[in-house]
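Along the sequence shown, residues are numbered consecutively beginning with 1.
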Amino acid sequence: MEKDVLVRMQEDLERALKKPAEKRRWAMLLDTRKCTKCSACTVACASENKLPPGQWYRPVWEEEKGTYPKLQRIALPRPCLQCDKPPCVSVCPVKGPDGATWKETKGIGAGIVPINYAKCIGCGKCVPGCPYGARFLDNGKFHTEGAPRIEKYETMPSFEYGKNWPRQGKNQPVGNARKCHFCMHRLANGMLPQCISSCVCRMGYFGDENDAESLIAQTIKANKANLQILKKNLGTLPRVYYLGQTDLSIFNKHLKA
């Protein structure tokens, strides 16, 4: 019996974690042809990282195209693309690997663009600096505001970047820039990113692109002619690839919203 893709990717992850960081290349591939638009990834990510209402690391943008009877609904899941030339980093006034945001080259997060909440001054310059709309400033709100009480699960800590972040009062990351980080804290504990684990239709692939035996490397190789990169002309060199339709009209519509 063929292994479920999650089992295969978990094995790939365990193999990748045994390699030196400089020899790994974390990457993600999203096959929009399989996406059922259920938004399980969005909700699971929000729960994992304690995100405020309306502010998402992994939204699934949708749009209807055409007219009946040739009507089509297109989905575009959008995590942070972890660009190798990230424009969000260059506009940040707190520079360097000891600054607020940078392209990591060491450890479990090598290849990822993290944010140091302790160094982030909340200026928001990186938010419009990202051409993919993958950043926001945490507004400090809760999903259960207006209810008799703020539910306890909303104030429980997240564990982003391997630290404990209680969501209470003005504690960080409230007021800071926030974004997807491929669930670095889960990778460090041998787990796949939450959006990958929660996808019921198995449209997401994650792993070490440098490992020829990995599912993501083999899927990329088998579909090389059909891979799509969002806004490739910008030269940001994203590490998130797409298969299927990636209509930029959806993208531009949501960036303006």
Side-chain angles (χ1 to χ4, degrees), residues 6 13 26 28 37-61 77-82 88 92-94 98-102 104 107-109 112-130 132-200 204 206 254 257:
L6 286 183
L13 176 62
W26 297 130
M28 186 176 288
K37 311 165 193 66
C38 70
S39 293
C41 58
T42 304
V43 175
C45 171
S47 177
E48 177 77 24
N49 296 295
K50 302 298 184 288
L51 303 182
Q55 298 188 305
W56 316 110
Y57 285 177
R58 166 73 173 234
V60 178
W61 292 339
R78 198 251 39 228
C80 171
L81 277 63
Q82 313 297 350
C88 56
C92 177
V94 189
D98 192 39
T101 189
W102 66 99
E104 184 60 271
I108 193 68
I112 293 171
V113 181
I115 296 174
N116 184 338
Y117 294 145
K119 295 294 182 71
C120 174
I121 60 176
C123 68
K125 291 183 178 180
C126 64
V127 176
C130 172
Y132 305 102
R135 290 179 175 238
F136 60 82
L137 292 180
D138 190 319
N139 59 24
K141 293 183 178 180
F142 296 96
H143 293 265
T144 50
E145 285 182 13
R149 65 179 182 276
I150 300 297
E151 292 293 340
K152 184 178 179 180
Y153 62 79
E154 291 217 71
T155 59
M156 291 173 65
S158 68
F159 300 96
E160 295 179 286
Y161 307 114
K163 295 182 180 180
N164 187 310
W165 305 98
R167 192 166 179 75
Q168 298 171 355
K170 297 294 183 180
N171 288 347
Q172 294 167 336
V174 173
N176 293 131
R178 299 186 68 184
K179 60 178 283 297
C180 155
H181 36 67
F182 280 177
C183 282
M184 281 172 54
H185 59 291
R186 288 176 61 89
L187 295 178
N189 286 280
M191 296 184 287
L192 293 164
Q194 185 64 272
C195 60
I196 299 296
S197 295
S198 61
C199 180
V200 297
F206 179 85
H254 284 271

**Message:** If I compare all heavy atoms of C45 with all of Q194, which pair ends up nearest, and what's the gap?
**Reply:** N-CG, 4.2 Å
**Request:** Could you tell me which residues satisfy side chain to side chain donor-acceptor pair (under 3.5 Å) with N49, sequence neighbours excluded, listed by chain and number?
**Result:** none
**Request:** Identify, with sequence neighbours excluded, every residue that meets salt bridge (Lys or Arg N to Asp or Glu O under 4.0 Å) alongside E48.
**Result:** R186
**Fill in**
One should read off an interatomic distance between C88 SG and W102 CH2, to the nearest 0.5 angstrom, of 12.0 Å
**Message:** So, using side chain to side chain donor-acceptor pair (under 3.5 Å) as the criterion, who are the partners of E160 when residues are at least two apart?
**Reply:** Y57, Y117, R178, H181
**Request:** Return the set of residues passing salt bridge (Lys or Arg N to Asp or Glu O under 4.0 Å) with K119 (not counting sequence neighbours), or none when no residue passes.
**Result:** D98
**CE-CD1 distance between M191 and I196, expressed to the nearest 0.5 angstrom** = 14.5 Å
**Prompt:** Sequence neighbours excluded, which residues qualify as ring-ring contact (aromatic ring centres under 6.0 Å, His included) partners of F182?
**Reply:** F206
**Residues forming a side-chain contact (heavy atoms from CB on, under 4.5 Å) with C199, sequence neighbours excluded** = C201, M203
**Asked** Which residue pairs pass the salt bridge (Lys or Arg N to Asp or Glu O under 4.0 Å) test when at least one of the two sits in residues 161-174, sequence neighbours left out?
**Response** D138-R167
**Request:** Only counting residues at least two apart or in another chain, list the ones meeting side-chain contact (heavy atoms from CB on, under 4.5 Å) with A40.
**Result:** C38
**Request:** With rounding to the nearest 0.5 Å, note down the distance linking NZ in K50 to CZ in F142.
**Result:** 11.5 Å
**Results of side chain to side chain donor-acceptor pair (under 3.5 Å) for T144 - residues two or more places apart only** = E154
**Item:** side-chain contact (heavy atoms from CB on, under 4.5 Å) against P93, all qualifying residues, sequence neighbours excluded
**Value:** I121, C123, K125
**Request:** Tell me, please, which residues at least two apart from K179 pass side-chain contact (heavy atoms from CB on, under 4.5 Å).
**Result:** C80, Q82, V113, I115, R135
**Item:** Under 3.5 Å: donor-acceptor pair, side chain of H143, backbone of L51
**Value:** yes
**Complete:** Those residues at least two apart in sequence (or on a different chain) that pass side chain to side chain donor-acceptor pair (under 3.5 Å) with Q55 are N139
